[in-house]
Structure formats: structure tokens, C-alpha cells
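Working notes, structure below.
Letters A, B, ... are given to chains in the order of the sequence lines, protein chains preceding strands, and every chain is numbered from 1.
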Amino acid sequence: MAIVLSRTDPTSVMASTVDERGELVGAPLALEFSALAAFVTERERAHRAAGDAAERWVWSDSSRWYGDLLTAGVRVQRCHDLRLSHAILRNSTLSAGTEFARSAPSEWSRPAEPLTAAVAPVHSALFDLSDTIASGRSAAAADDSVAEYRRQLRAIAEVPDAGRLRLLLAAESVGALIAAEMRSAGLPWRTEVHDAILTEELGPRVPYGTRPAKLEVLAGRIRSILGDNTVNPDSPQSMLKALNRAGLMITSTSRWELAEYTHPVIAPLLEYKKRARLLTANGWTWMDQWIVDGRFHPDYVPGGAATGRWATSGGGALQLPRQIRAAVTADPGWKLVVADAAQLEPRILAALSADTSMAAAGRGVDMYAGIVASGVVETRDQAKVAMLGAMYGATTGESGRLMPKLTRAYPRAIRLVEQAARAGERGELVTTWLGRSSPAPGEDWREAQWRASQPGASTAEEARARSRARDWGRFTRNFVVQGSAAEWALCWMAELRKGLLAIEGMNPQPPGRRAAASGPVFERIPHLVFFLHDEIIVHTPAEHAEEVAAVVTAAAATSGRLLFGDFPVDFPLGIATVERYSDAK
DNA sequence: AAGCGCCGCGCG
DNA sequence: AAAGCGCGCGGCGCTT
């Protein structure tokens, strides 16, 4: 049984109870939006009291529905996110034969509309009237969600051995819950610490558009060394010309190219770039815009990357520089439990390919050390470079030279990525462990290949087509590994969330005692506050920190078993309980 | 003035 | 060092 929630008009929703096949059970219930939170709370409570499996909420888009519920102080345990599931089922090679995948694209095939508010907590994004009018699709919504759920269940039922696909849809959906919860809770952020770092690096705060003192000094030094008092270090074009005039025959002003030359201007210029980057990316403007009541509320986008990795929108949460991580500080009496999966992708590759030798090299905490110990390469650095090269498709440099050694030691693993690359070069789709498939190459890619295959094709056309084919092959090569790693990470977080719920229960605080800063639901309980591909942060009352760390560790092991069963592959974590993010590893 | 592509660089 | 994957973002400078 599940309950499908759908919007009927700007102020009401329909709650339709459905069975395992998506057929209606009884009459749908019409609710005013204001009564939804209480309804959801009561259903969650009733299931807990009865000791049943949790209610499964089915809705179009978790970021909107669940964002609103969280703002109202309500958490749920399980959901089915129709839009995210739709995308997976439409594209997966596992469901390619179903009616669902072969029918024409629908409204469901469009990406979710982005949330409008810059930061959480958002006031009802879902029931924003102007949005309803603009999208012009309100009336049929109820039917539509129930019907879509039914279509998806039918599609899954048609897939033979759909176990992995079911796990993927469940993981993707709980990921969407977690994304909404993290956005709502926010990452604890001390603006005074951040400001102190900025002042140290840049000088005292100045108005937007003016150069802080330390940058001004560096800019002056650069100009005087070059004997050019108009050059603008913020403009690559301007700098490139000035450096060429000074005799540096560089073709770009990127850091690695500059670093190859010796000239008095290089040091202050690199220094300028480093600090200017801090100012523009994570300076005072960013702080004012993104830190609300001592929390950073990035907008996570589950499944935002083709591989299934999450993306983020606004705030640049995928690129929090190490420079300012000291500002991520636990509240008084709280701790941060910071954990990352060690060498996740090579371990995933070992499991995907059932390469027992490679898995054995990962028995310890440091897989690269294990590869060295097996005598495959000489140094840890070589092991790392070779593995990355294998997964990214490097052909030149040291990485390329080490490939034969890797191929000899781990033929199964290397064969898997090579086959994925060849498939991509032919324009075919590849699929992750749980069943997410790569997008098909675009129209212009196909056209380039077609053109090169014609009798009169020029050598330039042929070379171009080959190059494009190899580009796409590197993408599909990496897709299977990166995408399967993303699935492991989703399952890790899902298990972690389950364990955290068990520590404190999911009882929201009484309305009068809500602390807006940390979101109403998470005032006293351990909760996830950050996720970045293979790394998580849990914010927890200090007295629970040890238990949380144990849950995080156990969840990683469980995730490995969920995906790969008995295959002997380990997923060790680096884990630390700290006050400040910067104190972890 | 707004839109867009490029550059450069932060993260995994 | 930076080659080889995936992202987001701000600033510049050009076009419309």
C-alpha cells in the first residue's frame, strides 16, 4: 500500500491510497493544504504504533512536497519520487523493452522546475499560485500522479529480475528525501570564523566591486614588475598580452602553465589569483547570500549529473574550498562526524568486474598501498595515477605508460572499462550496476560519425569523428564506475539515515520550541548536513557522536552487501569526530 | 542592458 | 606537474 499525493488546485491536495499494483483502494481523500502536515504526521505515527513498514508516499517531486512538509515540521520515512523514477525507467537498458520506455515522452519527462527561493526553509514553493498559473497544469494532476505511478509499477513488473532496478528507485527516492532534509537543516556555519579567514587573506571587508587591500597591493606589484600600470590581473586577455610583451611566451594564464616559467611576476600573480578566487567564489557576498541564521543551505539536485551523482544549484556546494572549511563548526555541545569512503571508485570497479585480485588489494584501508604491496607498481603515487587513468581513459603520460602493468595484474577490471569505452565509441548505451543507463550521444555526434562513414569523407572529417568517438568512449568508460559509485553512496546514506532515525526516533519538536536556524525537525537529533559524492557530515549532539560514528561505519558495510552480496570487497571509511570540518583528515 | 561563450579554478 | 571523468560558478568581453 502507498499513498499518492497530488495537487488538485492551488490550495488543495488529493491523497489516494493505492495497492501494490497502483489500483485505488477506496475513495481518494481531498485535503486542504493546511491539513496535509497533520494528515502525514498521523499516518506516519499510526504505522509506527502498529509496527508496520513505514508509509510510502508517492509524489511528483520530493524537493517541493517534502520541502513544504519539513517546513511544517514533518518528516517521512519512505517515498517514491515519480519524476526521478520516471527518468531512470525511461532510459535504462533494463527496461528498454517495456511499453513505458517505448511510448512518447510526456510531461513527466521534463526536469523538475527549480525551486524559486534561494535558501531554505522555503515557504510553500509547491503552492505558489503564480507557479500554478504559469505551468498551467493543475486540474488533472491527481489522476496524473496515480496513473503515472501505475505505469511505473507496470513497467517494473515487466522487467525480468528487477531487483537491482527496484533498489535503485528506492535509493534514488530516499536520496531525494535526504536532499530536502539537508537543505532544510543546513550546514552549521560560523560567519565570524569565515570573516576572519577573509580578512586574513584579503584585508578588511570592502564594498562589492572594490578591491580589498591585500589584493590591491598584489595588483600594484604585478603592474610595477611588468612596467604596465593598466594591466588588469582579473582579465586573462589583458594579462596574457602583458605577459607576452614581457617575454613570457605562454598561450594561457592558467596556473599550471605559469608555473613552468621563472619570472619575478609569476609569484605575485599566482598569489593574486589564489586570493582573488577566494573573494569572488566564497567572499563576503557569498556569505551574505548563502549563510542564513548560521547555516549554509545549498540546493541539492539528486540525479543532477547523467551518472546519477547529485548536482547542486546555487551556492557552489560541490566546491567548498578547503581554505574556509574551518567555518563549518558544530554548535556548542554538538559534534561533526565526518566520513569519506576511501578509494571508492576503484573498489567499485573491482566489485563490478568481480576482479578478486583487485578487491584483495583493497583489503586494507589504503587500496593504493595494497596495489604496491602486490608488486604491480613501485609507488603509491603510481598506483593512484594508474587507477585514475584506467577509469578516466588516459592514454598518454605516466598514467598511459603504467596501463600495461595494471592490465596484467587486473585483467577483469580493465576489460570491463575497456568494453564500456568501446561501446561508447560505437554510440551504444552503457549501464551501471543497479541499472542507470548513459544518455545516447547527441544528434551532432551521430551526424559526425555518419559523415565520416560516407565514401567521399575527408580525412579531416574522419579524424574529427574518431576524436569525438573516443571522447564519448571516455565518458561511457567512466560512467559505469562513477554511476555505480553514486549508487553505493546513495545506499550508504539511506542506511545511515535509517540508523540515525533509530537513535533518536523521528519525533519532531513541539511547535513552540522550534529553532528556525536548524530547521524545526532537527533541533535535537543527529542528522545529515552535507554530502559530496563519497563524503558525508552528520551534525550530532556530542553524547551521540560515538553511536553515530558506529552507524556511519555499519551503513557503509551494509551498502556494500546490498549492492554486491557476498563478493569480498571492502569499503573502508576515513572517519573523524570533530568540532570543525577542517579538523577532519 | 541582457544573453552567451570562454577562461580559470574550486570540489569529488 | 597534469593527463583522462563528472560537476558549478564568477568575471570578462563580445554580441544582440
Side-chain angles (χ1 to χ4, degrees), chain A residues 114 208-209 211 232-241 250-261 269-270 272-283 285-286 289-290 298-325 340-346 348-349 381 384-403 417 420-421 424 430 432 438-439 467 470-486 488-489 530-536 574 581 585:
Chain A
Y208 176 80
R211 215 175 243 144
N232 175 11
D234 290 320
S235 163
Q237 290 186 30
S238 161
M239 275 311 302
L240 186 60
K241 283 180 197 150
I250 51 176
T251 58
S252 85
T253 64
S254 59
R255 200 180 42 221
W256 53 87
E257 187 163 358
L258 285 174
E260 289 173 2
Y261 291 78
L269 180 54
L270 292 180
Y272 182 92
K273 282 165 162 281
K274 177 102 185 139
R275 296 183 193 223
R277 165 79 191 183
L278 177 63
L279 174 67
T280 56
N282 299 98
T285 310
W286 180 89
Q289 189 178 353
W290 291 103
D299 184 4
Y300 294 97
V301 185
T307 56
R309 272 189 176 181
W310 291 10
T312 64
S313 155
L318 298 185
Q319 36 182 124
L320 264 193
R322 291 177 177 280
Q323 259 176 317
I324 58 167
R325 290 187 180 181
D340 73 309
Q343 304 97 35
L344 177 58
E345 293 194 354
I348 290 290
L349 173 55
D381 228 41
K384 182 174 179 175
V385 158
M387 278 306 313
L388 291 178
M391 292 184 300
Y392 294 163
T395 53
T396 61
E398 180 174 22
S399 181
R401 283 193 296 279
L402 289 167
M403 281 302 294
V417 287
V430 296
T432 61
S438 61
S467 160
R470 278 194 303 268
D471 290 347
W472 197 255
R474 284 194 302 277
F475 167 62
T476 53
R477 168 197 295 265
N478 186 247
F479 183 96
V480 292
V481 180
Q482 186 185 115
S484 301
W488 180 90
F530 193 63
F531 169 57
L532 187 57
H533 308 318
D534 61 359
E535 178 174 355
I536 57 95
Y581 188 15
K585 69 174 179 183

When all nucleic acid strands are considered with a 4.0 Å heavy-atom cut-off, which category describes [X]: base, sugar-phosphate, or nothing?
X: A/Y208; value: sugar-phosphate
X: A/G400; value: nothing
X: A/A281; value: nothing
X: A/V385; value: base
X: A/G316; value: sugar-phosphate

Nucleotide [N], atom [atom2] - distance to [atom1] of [X] in whole Å:
X: A/L349; N: C/dC5; atom1: CG; atom2: P; answer: 17 Å
X: A/K384; N: C/dA3; atom1: NZ; atom2: P; answer: 16 Å
X: A/R477; N: C/dA3; atom1: CZ; atom2: C1'; answer: 13 Å
X: A/Q237; N: C/dG10; atom1: CD; atom2: C1'; answer: 16 Å
X: A/F479; N: C/dG4; atom1: CZ; atom2: C1'; answer: 18 Å
X: A/R401; N: C/dA3; atom1: CZ; atom2: P; answer: 14 Å
X: A/F475; N: C/dC7; atom1: CZ; atom2: P; answer: 7 Å
X: A/L388; N: C/dA3; atom1: CG; atom2: C1'; answer: 11 Å

So what's C/dC12 paired with, Watson-Crick or G-U wobble, going by both distances under 3.5 Å?
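The base-pairing partner of C/dC12, which may sit in any strand shown, is B/dG5.
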
For C/dA3, give the paired nucleotide (Watson-Crick: N1-N3 plus N6-O4 or O6-N4; G-U: N1-O2 and O6-N3; both under 3.5 Å), or none.
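Pair assignment: C/dA3 / none.
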
Candidate nucleotides C/dC12, C/dG8, C/dA3, ranked by approach to the side chain of A/N232 - the nearest
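Nearest to the side-chain atoms of A/N232, counting from C-beta on, is C/dC12.
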
Heavy-atom distance under 4.5 Å between the side chains of [X] and [Y], does that happen here?
X: A/L388; Y: A/S399; answer: no
X: A/N478; Y: A/E345; answer: yes
X: A/K241; Y: A/P236; answer: no
X: A/T253; Y: A/L269; answer: no
X: A/E257; Y: A/T251; answer: yes

Test side-chain contact (heavy atoms from CB on, under 4.5 Å) on A/T432 and A/V480 and set out the steps.
CA-CA 5 Å; A/T432 61; A/V480 292; 5.7 Å; no

Report, as a single string ordered 5' to 3', how protein heavy atoms within less than 4.0 Å touch nucleotides 3-12 of chain B: B base, S sugar-phosphate only, - not at all.
----SBBBBB

State whether the side chain of A/K273 and the backbone N or O of A/D234 hold a donor-acceptor pair below 3.5 Å, judged by distance alone.
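No, the answer is negative, given that no donor and acceptor are paired below the 3.5 Å cut-off.
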
Give a yes/no on whether any side-chain N or O of A/S235 is located under 4.0 angstrom from OP1 or OP2 of C/dG11.
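Indeed not, no polar side-chain atom of A/S235 lies that close.
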
Contact nearer the 5' end of DNA chain C, comparing A/A306 with A/T396:
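Residue closer to the 5' terminus by nearest nucleotide: A/T396.
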
In terms of the nearest nucleotide of DNA chain C, which residue is placed more toward the 5' end: A/E398 or A/D471?
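Looking at the nearest nucleotide for each, A/E398 comes out on the 5' side.
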
Which heavy atom of A/F479 sits nearest a heavy atom of A/P439, and at what distance?
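Closest approach of A/F479 to A/P439, heavy atoms only: CE1-CD, 4.2 Å.
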
